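Reading through the structure tokens given below for one structure.
Proteins come first, then strands; the chains are lettered A, B, ... in the order of their sequence lines, and each starts at number 1. Just so we're clear, the structure is a prediction, and the values are computed from it rather than from any experiment.
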Number of protein chains: 2
Amino acid sequence: MTTRNNINLDKIIQAAAEIIDVHGLENLTLSNLSQKLKIRSPSLYNHIKGLQDIRRLLSLHGLKQLLSVLTRAAVGRSSDEAMREMAKAYLRFARKHPGLYEVTHMAPSHSDHDLYKTGQEIVDLVTQVLEAYQMEPTDTIHIARAFRSQLHGFASLEQRRGFGMSVDLDDSFMHMIDTLLAGLHVRYPKDGQRPSAQFQTGQS
Amino acid sequence: MTTRNNINLDKIIQAAAEIIDVHGLENLTLSNLSQKLKIRSPSLYNHIKGLQDIRRLLSLHGLKQLLSVLTRAAVGRSSDEAMREMAKAYLRFARKHPGLYEVTHMAPSHSDHDLYKTGQEIVDLVTQVLEAYQMEPTDTIHIARAFRSQLHGFASLEQRRGFGMSVDLDDSFMHMIDTLLAGLHVRYPKDGQRPSAQFQTGQS
DNA sequence: TTGATATAACTAATATTATTAGTTAAAATG
DNA sequence: CATTTTAACTAATAATATTAGTTATATCAA
């Protein structure tokens with residue numbers, strides 16, 4: 001199965017990921033991608049269905065990396081600590097791979113099962129961590145959505161330079177997460193877990 | 001100043017806004033825009049600098065509408081009520097004008113003063129509402145950023161179909177806002193404002 | 001080793017796009 | 001009514017994605 005130029009799907013995705021992380025998603029073209037791989041652009045069609053297909057594959061690639069990063073942040077931790085570490089890992093990923101992060105949030109092409117499945121695995125991970133708070137299933141979904149909204153909103157606004165520069169961004173991020181956790185504790189108080197002493201800020 | 005075909009900048013922006021709200025931002029081309037206006041595409045250059053310029057103008061247009069919508073939601077209201085109404089108005093706008101909302105979050109071209117100014121006016125509006133909570137100025141910025149992150153994250157994820165369909169989206173949205181407010185009350189308790197009775201859900 | 005097959009590269013061509021240059025005609029203005 | 005401004009136009013170019021058809025290389029069975 002090895003071929004003339006040693007090009008395979010993995011190398012294409014790798015090269016495309018580099019392009020979008022450095023130059024942005026809108027600057028990924030079959031032209032510069034094929035140049036990077038030292039082939040002519042129509043040759044790419046032997047491996048992929050077209051530009052949309054590459055974007056889809058990148059999206060899946062990014063989601064899987066994000067899932068991995070979040071999972072590693074959550075293992076061996078629980079409750080607030082797990083939430084905070086997942087949040088930090090999420091933002092770290094978005095900052096380190098801006099293009100990959102951006103492509104991850106493309107509207108999935110409806111019946112793309114792989115993409116749906118991986119997205120669901122991330123939701124399941126968050127849901128699992130939230131089980132520690134012993135809410136109703138519906139509330140768990142509410143909070144998971146709120147958590148994702150905060151993370152994505154912050155990462156996205158930061159990436160698009162939507163925030164001013166007056167106040168440290170890491171401080172704001174941890175403050176946001178801690179405020180969510182504070183709200184969680186008020187609304188779902190468990191015995192032995194009073195709403196206090198979760199107000200330290202500062203990020204790694 | 002009136003001309004042959006009665007086309008001016010306003011009509012161009014109007015037509016472009018319709019296209020992106022119906023067909024999405026990525027489907028705005030000079031080709032279909034000029035067809036909608038019944039002129040040839042190079043004629044557009046008599047009014048605008050190019051496609052990027054139209055996008056920039058749309059961004060400003062959207063941002064101004066959003067500012068207007070948020071301002072009207074906040075007048076005559078304060079504290080939690082103002083925050084909730086602003087949140088609802090924000091999501092209503094994003095849902096009603098998906099394309100305009102999307103273009104609003106393009107990375108501004110660095111030194112675009114109009115865009116920066118309008119964005120700042122929105123931040124100032126939120127900051128003003130948050131003054132009721134009597135926090136430190138730095139904390140006000142933290143919370144304003146958290147609020148925007150939630151709103152944008154939710155709107156964006158919803159638009160990209162990032163949420164499952166298991167639980168009502170309006171319920172989740174109000175739950176998210178109420179959790180933020182609950183967190184606010186714990187962290188910045190004012191006399192006469194105890195953290196209770198803000199847990200109703202359901203949206204207009 | 002060799003011949004057959006699969007495949008990954010290629011060239012050539014097309015349609016769509018944004019954009020520029022140069023032209024024309026219509027409106028506005030004196 | 002003459003002049004000037006300007007908003008439309010046509011023609012042309014460069015970049016893009018994509019398709020069709022071709023060639024050459026690697027794999028593999030005999």
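The pair R145(A)-E158(B) does not meet the salt-bridge criterion, since no charged nitrogen lies less than 4.0 angstrom from a carboxylate oxygen. A salt bridge links R160(B) with E102(B); the closest basic N to acidic carboxylate O contact falls under 4.0 Å. The existence of a salt bridge linking R84(B) and E81(B) is excluded, since no basic side-chain nitrogen approaches an acidic carboxylate oxygen closer than 4.0 Å.
Rounding to whole angstrom units, CD of residue Q52(A) and C1' of dT16(D) are separated by 13 Å. In this structure, D53(B) atom CG and dA18(C) atom P are separated by 14 Å, rounded to whole Å. What separates CD1 of I54(B) from P of dT19(C) is a distance of 9 Å, to the nearest Å. We find that CG of L44(B) is positioned 9 Å from P of dA8(D), with the value rounded to whole Å. Between the P atom of dA20(D) and the OH atom of Y45(A) lies a distance of 12 Å, rounded to the nearest Å. When the C1' atom of dT5(D) is taken as reference, atom CG of N8(B) falls 17 Å away, rounded to whole Å. Between the CD1 atom of I39(A) and the P atom of dA24(D) there is a distance of 18 Å, given to the nearest Å. Put simply, CD on Q35(A) is 11 Å from P on dA17(D), counting in whole angstrom units.
For the residue pair H152(A) and S156(B), a side-chain donor N or O sits within less than 3.5 Å of a side-chain acceptor on the partner. With hydrogens and angles left out, the side-chain atoms of H185(A) and D80(A) include a donor and acceptor closer than 3.5 Å.
Phosphate proximity of dA7(D) to S43(B): absent, as no side-chain N or O sits under 4.0 Å from OP1 or OP2. Here H47(B) does not reach the OP1 or OP2 of dT6(D): none of its side-chain N or O atoms lies under 4.0 Å away.
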Considering only distance and modelled atom types, tabulate donor-acceptor pairs under 3.5 Å from the side chains of residues 56-66 of chain A, sequence neighbours left out.
unit_1, atom_1, unit_2, atom_2, d
R56(A), NE, D112(A), OD2, 2.8
R56(A), NH1, D53(A), OD1, 2.3
S59(A), OG, V103(A), O, 3.2
H61(A), NE2, Q65(A), OE1, 3.1

Result block: side-chain N/O donor-acceptor pairs under 3.5 angstrom for residues 123-132 of chain B, not counting sequence neighbours:
unit_1, atom_1, unit_2, atom_2, d
D124(B), OD1, Q120(B), NE2, 3.4
T127(B), OG1, V123(B), O, 2.7

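Considering only the side chain of S41(A), dT18(D) comes nearest among dT18(D), dA9(C), dT19(C). Comparing dT19(D), dC9(D), dA18(C) against the side chain of L51(B) picks out dA18(C) as the nearest.
Listed in residue order, the members of residues 27-34 of chain B having a heavy atom less than 4.0 Å from DNA chain D come to none.
Comparing G50(B) and N46(B) against DNA chain C, the residue whose closest nucleotide sits nearer the 5' end is G50(B).
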